Structures are given as structure tokens and as C-alpha cells.
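Presented below is the structure to which this report refers.
We count ligands from 1, going down the list as the structure has it; atoms in each ligand are counted the same way. Small disclaimer: the values here were computed from a predicted structure and weren't measured. We're numbering straight along the sequence, starting at 1.
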Amino acid sequence: MAPLLEISDLQIRFPAAEAVRGLSLHIDQGEVLGLVGESGSGKSVTALAIMGLLGPAARVAGQIAWRGRAGSADSIDLLRQPQSALQRLRGREIAMIFQEPMTALNPVMTIGSQVAEGARAHSPSWTGREARRKAIAALEAVSIPDAARRYGDYPHQFSGGQRQRILIAMALINHPRLLIADEPTTALDVTVQAQVLELLRELQRQHGLAMLFISHDLAVVGQVASRVAVMRAGEVVETGPCARLLTSPQHAYTRSLLAAVPTLRTARNRPLAMIGA
Ligand SMILES: Nc1ncnc2c1ncn2[C@@H]1O[C@H](COP(=O)(O)OP(=O)(O)O)[C@@H](O)[C@H]1O
Ligand SMILES: [Mg+2]
């Protein structure tokens with residue numbers, strides 16, 4: 001089966017930094033790929049390259065094939081599309097959530113209108129009432145309690161975990177095929193983090209969604225991904241099934257990421273186990 005996304009020999013260079021140096025990876029339909037690596041290893045710029053959101057300072061080479069193999073006539077090379085085509089793809093086929101939910105929401109707009117606006121951006125034929133109904137359903141799907149009543153509330157009236165749920169609702173409202181989650185739980189405390197991870201896994205299974213799940217924390221990635229690519233200084237140094245990477249990492253760098261994990265892992269497994277119970 002052709003991959004949903006295939007990145008081939010991606011290079012991203014800024015005037016002062018070579019951020020990504022020949023990265024290749026693929027994500028299959030419905031698969032969760034974890035991308036892990038220490039801060040500064042090039043995870044976020046890789047995600048931004050997929051979304052077509054790197055600024056003009058970035059020099060980019062290689063291929064990012066969407067819906068097919070790199071180099072095949074059936075796939076679309078995201079690095080060679082006009083902005084208008086990328087804009088249509090964003091949200092509708094590929095959506096992204098970021099680490100800090102407060103900065104991604106407009107503080108002076110109600111959350112209901114922000115979710116509804118996202119829906120209408122891609123389905124302009126919807127009436128205001130239809131968009132509102134979709135938005136409430138999307139908020140209910142991410143377990144925002146009392147969604148219809150809270151539709152008119154502003155971002156600051158929600159907790160950090162709820163704001164991240166709202167962003168997940170916005171990301172998924174148009175049923176994308178791929179969700180890029182860049183450190184989506186890093187800003188949250190441990191218990192809330194476990195709940196948001198559980199929600200992401202549940203939605204992923206429900207919708208057969210493919211996901212690129214980015215984190216500096218291998219233990220967190222291990223809770224969500226089935227396969228992991230380990231990134232260091234702009235390159236993938238090891239890739240494989242999550243279970244194998246966690247039990248018998250081949251690369252010294254992966255072992256050092258794992259060595260940093262145990263204390264965090266015990267702390268984080270507890271709330272997750274409670275949710276599963
Ligand atoms: N807009 C930018 N301009 C210049 N350098 C950047 C920019 N964005 C990222 N970088 C550099 O690219 C490298 C990778 O950054 P990033 O992808 O954000 O790392 P990660 O997400 O893995 O922590 C870093 O060295 C960072 O300083
Ligand atoms: Mg980052």
C-alpha cells in the first residue's frame with residue numbers, strides 16, 4: 001500500500017542553522033508515527049514544512065509526497081504546491097495542533113465562533129446555524145462539558161487541558177486524514193496530559209486517523225505511537241516499532257533518551273492506568 005505521506009531527503013536550512021539534514025520517513029494510512037528527539041533536533045520545522053508554514057528565511061530541498069510515494073506521478077509534492085493549494089489542504093486533509101493552546105486561540109473571540117469559523121472556512125456553503133451545530137458536536141466529541149452552554153465563553157474561561165481539547169476539536173472538525181500533533185501535552189500537568197493523550201488515541205482509533213505525534217519525551221510517544229522515528233541534529237538516527245525501540249534501542253542516542261525517562265515514566269503511568277481501569 002502506498003504511504004499517506006512520504007518525506008524523502010528533506011533539508012531545511014536557515015541562515016544561521018542547518019535544521020534538517022536529509023530526513024526521510026513515511027506515515028501509512030491510519031498509522032501513528034512518533035517523532036522524538038531532544039529540543040532543537042528539528043522536529044517542529046519538519047512539521048511546519050509538511051504544512052507549508054515555514055517562513056521565507058528557510059531554504060528547503062527534498063520531497064514531501066502526499067498520498068503516494070515520493071517521485072510517483074500519483075502523489076502531490078507538498079514542497080512544490082502553490083500557497084492556494086496548500087491552504088486548501090490545510091485543515092481539510094492535514095491538520096495540526098501545537099504545544100501552547102493559549103497562543104493558538106484568539107483571546108477576544110468566543111470558542112464557539114472559533115470552532116465554527118474553522119468549519120466554515122472549508123465548507124462555505126454551511127449556514128451559520130449548521131456551523132454552530134457542527135461546532136457544538138465537535139466540542140462534545142472532545143468532552144467539553146456543557147458544550148452548547150459554553151459555546152459563547154472565551155478561551156481564558158477554560159482550563160489548559162480544555163483549551164487543548166478545543167484545539168483538537170478545531171483540528172478534527174473537517175475530518176483530516178493526517179493530524180500533526182507537535183508536543184500537544186508538554187504544557188499540561190501530568191494528570192491532564194494523560195487525559196489528553198487518551199482522547200487523542202480514542203479519536204485516532206475512531207476515525208482511522210493517521211498521526212504524526214511529536215515529543216521530546218520517549219515515554220509519552222510510547223503511549224500513543226505504534227512506530228517511532230528518533231531524530232537527532234536534523235537526522236533520523238533510528239526508526240522502528242515502538243515496542244522494540246523502548247525495549248532494545250539500537251542507537252546510543254535512543255538509549256540516552258530512554259535513560260532520561262524512568263522517573264517521568266513512573267509518574268506518568270499512574271494516571272493513565274487509572275483512566276484505563
Ligand atoms: N524561524 C527560524 N529561524 C532560524 N532558525 C530556526 C527557525 N526555526 C527553527 N530554527 C532552528 O532550527 C533548529 C530546529 O528547531 P526546531 O525544529 O524548532 O526543533 P525542535 O522542535 O526539535 O525542538 C534549531 O536549531 C532552531 O534554532
Ligand atoms: Mg519543537
The single option from R232, R244, R255 passing salt bridge (charged side-chain N to carboxylate O under 4.0 Å, His left out) against E238: R244
Protein heavy-atom partner closest to atom 18 (O) of ligand 1 - residue, atom, separation in Å: S44 CB, 3.7 Å
Is G37 close enough to touch ligand 1? Criterion: a residue heavy atom under 4.0 Å from a ligand atom. no
Around atom 23 (O) of ligand 1, find the nearest protein heavy atom and jot down its residue, atom name and distance. G40 N, 2.7 Å
Is it true that some N/O/S atom of S44, main chain or side chain, lies under 2.8 Å from the Mg ion (ligand 2)? yes
So which heavy atom in the protein is nearest atom 12 (O) of ligand 1, and how far is it from that ligand atom? A19 CB, 3.2 Å
Checking the side chain of Q29 only, and the main-chain atoms of M1 only, is there a donor and an acceptor separated by less than 3.5 Å? no
Applying side chain to side chain contact (heavy atoms under 4.5 Å, CB included), run through L105 and R163 and close with a yes or a no. CA-CA 8 Å; L105 288 165; R163 285 196 289 263; 4.0 Å; yes
State whether any protein heavy atom lies less than 4.0 Å from atom 20 (P) of ligand 1. yes
Does the N or O separation between T46 and ligand 1 drop below 3.5 Å for any pair? no
What protein heavy atom sits nearest atom 2 (C) of ligand 1, and how far off is it? F14 CE2, 3.4 Å
Do you see a donor-acceptor pair shorter than 3.5 Å between the side chains of Q63 and S8? no
Is V45 close to ligand 1, meaning an N/O of one under 3.5 Å from an N/O of the other? yes
Measure the spacing between CG of D153 and CD1 of I111 and express it to the nearest 0.5 Å. 7.0 Å
Does D182 use its side chain to pair, donor to acceptor, with the backbone of I214 at less than 3.5 Å? no
At less than 4.0 angstrom from any non-hydrogen atom of S39, what atoms of ligand 1 do you find? 23 (O)
Run through L33, L178, L179 and flag the one making a side-chain contact (heavy atoms from CB on, under 4.5 Å) with M211. L179
So CH2 of W66 and CD1 of I27: to nearest 0.5 Å the spacing works out to 8.5 Å
Against ligand 1, does G55 come closer than 4.0 Å with any heavy atom? no
